[in-house]
Amino acid sequence: MSSEDQRAELVALGGAEAAPARPHQAESMGTFPDLPGAVDGHVVLRLAPFPSGALHIGNARMLYVNDHYRRRYHGRLLLVFDDTVGSKEKRIAPELFDVIRHDLDIANVPPDEVLYKSDRLPVVYDWARRVIDAGGAYVCVCPTELLQKRRALGEPCPERAQTLAETRDGWARMLDGGFATGEAVLRLRTDLADPDPAFRDRVLCRLSDLDHPRVGRKWRVWPMLEFSWAVDDVELGITHVLRGKDLVMEDRMEEFVWRLLGVKGPPFLHWGLLRVAEAKISKSKGYAQVQSGEYDGWADPRLWSLDSLERRGISAEALRRFTLGFGMSLADIEVPAETLYAENRQVLDPTTPRRSFVPDPIAVDVVGYPTELAEVDLPNHPERSELGTRSVAGGPLFWLAGSDVRAHLGEVVRLKDHANIELPREMPPEGPLVASFTSRENRRLPRLQWVGAVHAVTVDLLDPDGTHRKGLGERTLRGAAPSDIFQFERVGFVRVEPDWIPGTEPLRVCFGHV
RNA sequence: GCUCCCGUAGUCUAGUCCGGUCAAGGAUUCGGGGCCUUCGACCCCGUAACGCGGGUUCGAAUCCCGCCGGGAGCACCA
């Protein structure tokens, strides 16, 4: 795609109309090379999540890179659940199929079609037979440790020399229950002298008695991930495989099988590993913590799941820009979440209403307060008058943030957009702090957000680390709706919890970022 | 240990294939200023980088070699 096309896409996403073309690079968007041999309208890509946990921020790159190319070439994007039983350590959780589909909704990456590896065993078996017939595989009965040791040493196990008939017989026994789980595997005959020990006679298929959430124990022989993709990247007509570079060896495996069978498969493109510094959680580990109740479901902000990001008011657009900003770089990177927040701020700031919230509130009684200020209109947005105004309660009784009060004792401060008051020199032993009104004109003073005491709303703010901030918000918050997003001035962007019942207190919100 | 990948400012990224237009561009962060009402936004200014060492060349971020550093794989997980 030319830089102009990239710009065009960003503009289409609503991002860059204000940004003029720059000489060297149009956007902060990374570079995406053309897909080799891609024909507009005939590109088929695939997403292959393993349903062991909700999608998290680390998976977002896979989503958006594939979606980016789908859009560029007007192609199709298949969601293919990689549900090839897994293991005791990596289990498939039944509810995750729906959770992941929901995650794609949240990310705004709708799949064109949804498929399951667990429906495709007959095709896999057919390919296995073809590989066997081509003399490319054998049935190995080595115990796991012995197999690994021999692989490391580059030594063959006795079965490697088995005849075609013996392999066919062994494979038939695997299929019809002649072997117990773990007793036999189908291995690809590569080259035991291959310099990469990881590539020596990889396992193609294995036995498993795990109960599969979708198909139960219908099948006992399951393919390994790379073999299943050797099959389906061809069978499903995938034109380009875009995957993280942790899967490069799988490329070789697939290509080896294709060469053996004389079929042509798609080319591979990779990107490097992306880690968000603040998010160090694996899908499977997260699952355990959700199950144990340690975490508050998949939307717990500590999980950095897509669900939790939505809960925090992080938009799909911000996630998309954030992810695409890295391009197809192969470098392994760790990025601070602030980079994502910066993108989200751009999305949210122009349209998000401002509201007042004071954490850890302290009551302040202002003497000499003009009675005509009991009601006051404030703009919903400092720069965008089209967003209107709201009416809030003024004094003389206010709530101010405890930390603000303590930091400014004895000083004249400005209640933002409202009035100036002088705070006493010391905190009173009990009762409200007594301050005095000084003036109304806008002066260069420390500006504090404030909440008029009349009808103030109790607010419970959930922080991303799982802790809570309790405080009071302006009375208009009483009219909030679930999923509303506000900017609490001098605090940050928050989103009203989707399950909060309107009118109840406290108002529950989830913190996004400053 | 073996295999593969990567190494441009605090953090990302463009440029590296096809050496000069790169005294290295953009984003973000940070610092300063503006906008006389946010610790937000916006605007302006600024700090700041080609991992190291050789080589090829008139000329190297770009090509070659070595080294160092980081990551991934070496599962009957995905």
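Here the structure is a predicted model, which means the values were calculated and not measured. Lettering of chains follows the sequences in order, A, B, ..., and the numbering in each one begins at 1.
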Identify which nucleotide among [options] has an atom closest to any side-chain atom of [X], counting heavy atoms from C-beta outward.
X	options	result
V335(A)	G40(B), U11(B), C76(B)	U11(B)
A198(A)	C74(B), A14(B), A78(B)	C74(B)
E334(A)	C12(B), U28(B), U38(B)	C12(B)

Quick one: look up who [N] pairs with, Watson-Crick or G-U, both distances under 3.5 Å, and put none if it's unpaired.
N	value
G46(B)	C30(B)
A41(B)	none
G1(B)	C74(B)
A23(B)	none
C68(B)	G7(B)
C17(B)	none

Sequence neighbours left out, what passes ring-ring contact (aromatic ring centres under 6.0 Å, His included) with [X]? Give chain and number order.
X	answer
Y69(A)	F32(A)
F81(A)	F97(A), Y116(A)
F227(A)	none
F493(A)	H513(A)

Name all pairs fulfilling the salt bridge (Lys or Arg N to Asp or Glu O under 4.0 Å) condition that reach into residues 185-200 of chain A, sequence neighbours left out, sorted by first residue then second.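 Sorted result for residues 185-200 of chain A: D194(A)-R252(A).
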
Got a sec, which pairs hit salt bridge (Lys or Arg N to Asp or Glu O under 4.0 Å) with one end in residues 328-342 of chain A, sequence neighbours left out?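 Only K245(A)-D332(A), R275(A)-E334(A), K280(A)-E334(A), E338(A)-R345(A) qualify under salt bridge (Lys or Arg N to Asp or Glu O under 4.0 Å).
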
Euclidean distance, atom [atom1] of residue [X] to atom [atom2] of [N] [Å, nearest integer]:
X	N	atom1	atom2	value
F32(A)	A14(B)	CZ	C1'	13 Å
R202(A)	C2(B)	CZ	P	20 Å
L330(A)	A14(B)	CG	P	10 Å
L192(A)	U3(B)	CG	P	17 Å
F199(A)	U3(B)	CZ	C1'	11 Å
M253(A)	G73(B)	CE	P	16 Å
D196(A)	A75(B)	CG	P	10 Å
L348(A)	C42(B)	CG	P	13 Å

Please classify the nucleic acid contact of L225(A) as base, sugar-phosphate, or nothing, using heavy-atom distances under 4.0 Å.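 Base contact.
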
Determine the contact category for V185(A): base if any of its heavy atoms lies under 4.0 Å from a base atom, sugar-phosphate if only primed atoms, P, OP1 or OP2 are that close, otherwise nothing.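 If one applies the 4.0 Å heavy-atom cut-off, V185(A) turns out to touch a base.
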
When you match D194(A) and H381(A) each to their closest nucleotide on RNA chain B, which lands nearer the 5' end? D194(A)

Using salt bridge (charged side-chain N to carboxylate O under 4.0 Å, His left out) as the criterion, list what pairs up with [X], not counting sequence neighbours.
X	value
E489(A)	K416(A)
D246(A)	none
D211(A)	none

Taking [M] as the reference, what is the distance to [N] when you measure between their [atom1] atoms (whole Å, please)?
N	M	atom1	result
G53(B)	C58(B)	C1'	23 Å
G10(B)	C30(B)	C1'	8 Å
U21(B)	G73(B)	C1'	42 Å
C6(B)	G66(B)	P	16 Å
G20(B)	G15(B)	C1'	14 Å
G25(B)	C50(B)	C1'	13 Å
A14(B)	A24(B)	C1'	10 Å
C65(B)	G71(B)	P	25 Å

Any carboxylate oxygen within less than 4.0 angstrom of a Lys/Arg side-chain nitrogen, looking at R72(A) and D34(A)? yes

With a 4.0 Å cut-off on N to O distance, would you call D484(A) and R355(A) a salt bridge?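 Looking at D484(A) and R355(A), the cut-off is not met.
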
Between the side chain of R384(A) and the main-chain N/O of P382(A), is any donor-acceptor distance below 3.5 Å?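 Between the backbone of P382(A) and the side chain of R384(A) there is no qualifying donor-acceptor contact (under 3.5 Å).
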
CZ on F50(A) to CG on L96(A), rounded to 0.5 Å: 9.0 Å

Does [N] have its OP1 or OP2 closer than 4.0 Å to a side-chain nitrogen or oxygen of [X]?
X	N	result
R151(A)	C76(B)	yes
R187(A)	A75(B)	no
Q148(A)	C76(B)	yes
T339(A)	U28(B)	no
T144(A)	C76(B)	no

For R101(A), is the CZ atom crowded, meaning more than 12 foreign heavy atoms sit under 6.0 Å from it? no

Of all the heavy-atom pairs spanning I238(A) and D232(A), show the shortest one and how long it is.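 Residues I238(A) and D232(A), closest heavy atoms: CG1-O, 3.9 Å.
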
Taking N or O atoms only and anything under 3.5 Å, show me the protein contacts with nucleotides 34-37 of chain B, one pair per line.
from: C36(B); atom 1: O2'; to: N442(A); atom 2: ND2; distance (Å): 2.9
from: C36(B); atom 1: O2'; to: R447(A); atom 2: NH2; distance (Å): 3.2
from: U37(B); atom 1: OP2; to: N442(A); atom 2: ND2; distance (Å): 2.6
from: U37(B); atom 1: O4'; to: R447(A); atom 2: NE; distance (Å): 3.1
from: U37(B); atom 1: O4'; to: R447(A); atom 2: NH2; distance (Å): 3.4
from: U37(B); atom 1: O2'; to: K416(A); atom 2: NZ; distance (Å): 3.2
from: U37(B); atom 1: O2; to: D417(A); atom 2: N; distance (Å): 2.3
from: U37(B); atom 1: N3; to: R414(A); atom 2: NE; distance (Å): 3.3
from: U37(B); atom 1: N3; to: R414(A); atom 2: NH2; distance (Å): 2.9
from: U37(B); atom 1: N3; to: D417(A); atom 2: N; distance (Å): 3.1
from: U37(B); atom 1: O4; to: R414(A); atom 2: NH2; distance (Å): 2.7

Classify the side chain of E89(A) and the base of A75(B) as holding, or not holding, a donor-acceptor pair under 3.5 Å.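 Not at all, since no donor on one side and acceptor on the other fall under 3.5 Å apart.
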
Strictly under 3.5 Å: I want the nitrogen or oxygen pairs between protein and nucleotides 46-50 of chain B, one per line.
none

What pairs of nitrogen or oxygen atoms, one from the protein and one from nucleotides 65-71 of chain B, lie under 3.5 Å apart?
from: G71(B); atom 1: O2'; to: D332(A); atom 2: OD2; distance (Å): 2.9

